[in-house]
Amino acid sequence: MTDSVCVVGLLVLRRHVPAVFWWLVGYPFVALRVLTTYRATMDACGLTVPASAVRRATARMIGREAAPVPPRRSFPRPTGSGLVMRLRMATGQVPEDFMASADRLRHAWAAHAVHIRPTKPGWLELRLIGWDVLANVRRPRQQSGGLLSLPLALRDDGRWHVRHFRAVPHGLILGATQSGKSVYLRNLLCGLARQPVVLVGIDCKWGVELAPFAPRLSALPDTPDRANELLDALLEEMEARFRLIGLASVGPDTVLTSDVWGLPDKVRPVPVVVVVDEVAELFLAASRDDEKRRDAMVTKLIRIAQLGRAAGIYLEVCGQRFGSELGKAATMLRAQLTGRVCHRVNDESSAKHGAGSVDPTEVAERAGNSVEVLLSRYAKCLDGRQDVANRRIAELLGEGDGQEDEPGNGL
């Protein structure tokens with residue numbers, strides 16, 4: 001009876017409080033499995049190297065065969081979602097070898113996921129995830145990493161995606177309806193609302209998205225004309241801040257700085273975060289007067305994106321779509337928005353503008369997987385792209401005239 005109660009209690013604990021179950025039961029068993037099967041698993045995955053000449057000579061002296069040598073490792077250290085080990089790569093090994101075997105290691109150790117990333121030359125971090133951490137997301141105890149630094153979203157490797165405005169001053173958030181864009185934006189605004197920053201919103205959907213945050217916002221224009229007036233005020237504020245930076249370099253108390261963060265605390269202006277929701281509304285024009293207003297607003301946004309970082313003014317642009325069809329200056333604005341979060345989108349142009357310039361190798365390295373694993377895991381996002389690629393290749397080669405390509409099987 002007691003055993004049954006314990007089993008039921010553990011099952012309930014595993015379902016409702018997986019972190020506690022991991023610390024009590026999961027980590028000891030998984031750590032023991034990793035320690036006892038480490039050498040055999042590395043050998044089966046092709047991650048070992050031949051023994052050194054000294055070891056081979058010693059093995060011959062005692063009548064044995066020298067076994068392959070796995071990478072040196074640290075003791076498995078528990079985390080809130082799994083365990084972490086440091087690996088010392090042997091001569092001739094590269095991080096890509098381990099990333100390509102991440103899926104094999106996951107199955108061998110019965111883990112939910114295995115992520116590998118290089119930490120410094122010759123060293124890797126192997127992060128084993130014990131369960132699906134995205135099934136029950138909990139906010140971290142540390143709500144903020146400092147001024148203008150916010151943990152916004154939990155990644156599948158158990159770490160938090162942090163939005164750091166001083167490191168990445170301007171961002172672009174793309175996502176179709178019910179893709180998670182609005183939730184991400186609300187988390188961002190809730191985090192910034194607790195910090196000593198000026199929050200400004202532009203919501204040309206009559207303010208329906210940002211209206212709940214109106215008491216905290218210093219301004220919330222809900223039409224393109226009012227947004228144009230706000231951008232004029234932001235440009236004036238930016239110019240005043242640049243004059244303040246220039247004056248700091250003159251006089252007996254000279255401060256050599258090129259941005260507001262080098263100014264003394266008593267004269268440093270408060271940082272400003274401008275949130276633009278549904279940016280496509282700013283690009284729409286139905287008449288020539290609207291076109292003039294649109295060109296003026298986009299030019300002002302580009303100026304803020306180019307010069308605002310030094311003045312402590314940051315942009316966070318959101319929208320369901322973002323492509324070159326919005327206007328001639330859309331690409332120029334997009335080039336300044338280096339921090340990009342692309343949720344599910346409905347058109348190819350938005351996907352390219354959101355993530356088209358991101359190197360797949362860099363994405364795979366940050367995810368702790370190889371490019372092959374990345375593409376196979378997210379192949380459903382790329383299904384059907386082979387047809388488009390073949391059609392374009394045929395057109396470039398002059399083979400598409402009067403011919404219809406055979407449909408491919410997808411990636």
Side-chain angles (χ1 to χ4, degrees), residues 169-177 179 181-182 185 198-211 213-214 217-242 272-311 313-357:
H170 310 301
L172 175 64
I173 306 173
L174 291 178
T177 303
S179 65
K181 173 178 63 69
S182 297
L185 178 59
V198 175
L199 281 177
V200 177
I202 298 177
D203 187 0
C204 291
K205 293 191 302 183
W206 296 276
V208 295
E209 191 69 40
L210 301 182
F213 303 94
L217 298 177
S218 299
L220 180 58
D222 54 2
T223 63
D225 291 331
R226 294 175 182 173
N228 193 23
E229 296 174 0
L230 174 63
L231 293 176
D232 287 331
L234 289 173
L235 286 177
E236 294 177 2
E237 174 66 19
M238 185 174 66
E239 293 173 3
R241 295 187 176 203
F242 278 121
V272 178
V273 179
V274 183
V275 178
V276 182
D277 188 56
E278 205 54 63
V279 65
E281 291 293 326
L282 299 180
F283 283 87
L284 296 179
S287 63
R288 291 186 177 181
D289 293 338
D290 291 344
E291 291 179 359
K292 294 179 180 179
R293 183 209 63 213
R294 177 197 64 190
D295 294 341
M297 282 194 302
V298 175
T299 302
K300 295 168 187 176
L301 279 174
I302 293 174
R303 287 196 63 196
I304 294 175
Q306 290 181 159
L307 306 174
R309 182 204 62 82
I313 301 177
Y314 307 100
L315 278 178
E316 198 74 13
V317 178
C318 310
Q320 297 186 29
R321 60 188 182 90
F322 195 91
S324 56
E325 73 278 359
L326 293 181
K328 57 185 178 181
T331 304
M332 295 178 60
L333 178 59
R334 172 245 190 192
Q336 303 296 329
L337 307 176
T338 52
R340 299 173 192 166
V341 177
C342 188
H343 300 268
R344 175 180 53 81
V345 293
N346 293 331
D347 60 294
E348 179 182 358
S349 179
S350 297
K352 285 185 175 180
H353 274 71
S357 59

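Just so you know, these numbers use all the heavy atoms, side chains as well, and skip hydrogens, waters and symmetry mates.
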*Asks:* Under the criterion side chain to side chain contact (heavy atoms under 4.5 Å, CB included), I'd like the reasoning laid out for Val317 against Leu301: C-alpha separation, chi angles, the key distance, then a yes or no.
*Replies:* CA-CA 10 Å; Val317 178; Leu301 279 174; 5.7 Å; no
*Asks:* With rounding to the nearest 0.5 Å, note down the distance linking CZ in Arg334 to CE in Met332.
*Replies:* 13.0 Å
*Asks:* List the residues meeting side chain to side chain contact (heavy atoms under 4.5 Å, CB included) with Gln306, not counting sequence neighbours, and say none if there are none.
*Replies:* Ile302, Gln336
*Asks:* Side chains of Met297 and Ile202, heavy atoms from C-beta outward: is any pair under 4.5 Å?
*Replies:* no
*Asks:* Out of curiosity, Glu229 CD to Arg226 CZ, how far, rounded to the nearest 0.5 Å?
*Replies:* 8.5 Å
*Asks:* Excluding sequence neighbours, so at least two apart, what forms salt bridge (charged side-chain N to carboxylate O under 4.0 Å, His left out) with Asp295?
*Replies:* none
*Asks:* Would Leu210 and Leu185 count as a side chain to side chain contact (heavy atoms under 4.5 Å, CB included) here? Give the steps.
*Replies:* CA-CA 9 Å; Leu210 301 182; Leu185 178 59; 4.1 Å; yes
*Asks:* Quick one: side-chain hydrogen bond (donor to acceptor under 3.5 Å, both in side chains) partners of Arg321, sequence neighbours excluded?
*Replies:* none
*Asks:* Among residues at least two apart in sequence or on other chains, which ones pass side chain to side chain contact (heavy atoms under 4.5 Å, CB included) with Asn346?
*Replies:* Ala176, Arg344
*Asks:* Which residues pass the side-chain hydrogen bond (donor to acceptor under 3.5 Å, both in side chains) test with Arg293, sequence neighbours left out?
*Replies:* Asp290
*Asks:* Can you list the residues that meet the salt bridge (charged side-chain N to carboxylate O under 4.0 Å, His left out) rule with Arg294, with sequence neighbours excluded?
*Replies:* none
*Asks:* Mind checking what makes side chain to side chain contact (heavy atoms under 4.5 Å, CB included) contact with Leu235, not counting sequence neighbours?
*Replies:* Met238, Lys300, Arg303, Ile304
*Asks:* Taking side-chain contact (heavy atoms from CB on, under 4.5 Å) as the criterion, tell me which of Leu230, Val275, Leu217 meets it with Val200.
*Replies:* Leu230
*Asks:* One pair to check against side chain to side chain contact (heavy atoms under 4.5 Å, CB included): Ile173 and His343. What are the steps and the verdict?
*Replies:* CA-CA 8 Å; Ile173 306 173; His343 300 268; 4.1 Å; yes
*Asks:* Answer yes or no: is there a side-chain heavy-atom contact under 4.5 Å between Leu174 and Arg340?
*Replies:* no
*Asks:* Residues in side chain to side chain contact (heavy atoms under 4.5 Å, CB included) with Lys205, at least two apart?
*Replies:* Asp203, Val208, Glu209, Asp277, Glu278
